[in-house]
Amino acid sequence: KQEVTQIPAALSVPEGENLVLNCSFTDSAIYNLQWFRQDPGKGLTSLLLIQSSQREQTSGRLNASLDKSSGRSTLYIAASQPGDSATYLCAVRENYGQNFVFGPGTRLSVLP
Amino acid sequence: DTGVSQNPRHKITKRGQNVTFRCDPISEHNRLYWYRQTLGQGPEFLTYFQNEAQLEKSRLLSDRFSAERPKGSFSTLEIQRTEQGDSAMYLCASSRAQFATGANVLTFGAGSRLTVL
């Protein structure tokens, strides 16, 4: 059974810092991996999708990497801003089926 | 079409009552998903539709849960004889299969929060 974990569970940084969020998954037979952002009481917003054949994806200040063989992905946020404060979740889609397995998320606070 | 719409946003009910949630996906999206999320946890998969066909169901979807997508457009999730353990946020997501790339970016609705007293 695929399990997804995220470290740290919570992170607080001053504005302007670069930071890295970590995601680990137990079964490397994945189709793709997505990073999402969730604001309190709201749904999820997709940030980046990495196919299993890709190593990284970039969007603005965000860069996500994927090392499928080791079961790891990282989300790098450059020059953090208070508006980046949210919970960040990673999810993997396995090779079979359409189910996405989510991690518990990392709650990020960027202090002004 | 501004995104995935879910109604109601919040439902409070007494144990044993039935509740129904509705999801209106993005119109050109043929795939629709239901997830359940409890506080401090990531969403858990419940079920998946491609057009009107329900192709996958999680073991979490007990006999008290039923989902439909009658015309391949909107979907409903019904919970019968609600229990306190059903209290959660019920999230709907939709996507359009990108067969050329295999990408499947999910667009989520804001969710329907269920409180069972």
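As the structure is a prediction and not an experimental result, all values here were calculated from the model. The chains referred to below are lettered A, B, ... by the order of the sequence lines, with proteins before strands, and numbering in each begins at 1.
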Fill in: Heavy-atom pair with the smallest gap, counting every atom of Q37(B) and L44(A)
OE1-CD1, 4.4 Å

Worksheet item: What about L66(A) and Y76(A), same hydrophobic cluster or not, with Ile/Leu/Val/Met/Phe/Trp/Tyr joined at side-chain heavy-atom distances under 4.5 Å?
Response: no

Discussion item. Just so I know, are the side chains of V105(B) and S46(A) near enough to count as touching, which here means a heavy-atom distance under 4.5 Å?
Written reply: yes

Discussion item. Are more than 12 heavy atoms, taken from residues, nucleotides or ligands other than I7(A), located less than 6.0 Å from that residue's CD1 atom?
Written reply: no

Discussion item. Are F100(A) and Y35(B) an aromatic pair, judged by ring center distance below 6.0 Å?
Written reply: no

Discussion item. Quick check: F102(A) with F45(B) (ring centres under 6.0 Å apart)?
Written reply: no

Fill in: Engaged part of L91(B) at the chain A interface, taking heavy atoms whose separation is under 4.5 Å
side chain

Worksheet item: Going from NZ on K57(B) to CG on N99(A), what distance comes out if it is rounded to the nearest 0.5 angstrom?
Response: 14.5 Å

Discussion item. Is it true that, when you exclude R64(B) itself, more than 12 heavy atoms of the residues, nucleotides or ligands shown sit nearer than 6.0 Å to its CZ?
Written reply: yes

Discussion item. Does any backbone or side-chain atom of E44(B) lie under 4.5 Å from a heavy atom of chain A? Answer side chain, backbone, both or neither.
Written reply: neither

Worksheet item: Between Q50(B) and Q98(A), does any side-chain donor sit less than 3.5 Å from a side-chain acceptor?
Response: no

Worksheet item: How many angstroms lie between atom NZ of K42(A) and atom CE of M89(B), to the nearest 0.5 angstrom?
Response: 11.0 Å

Worksheet, complete the sentence: All heavy atoms of P43(B) vs all of L89(A), minimum pair found to be CD-CD2, 3.8 Å

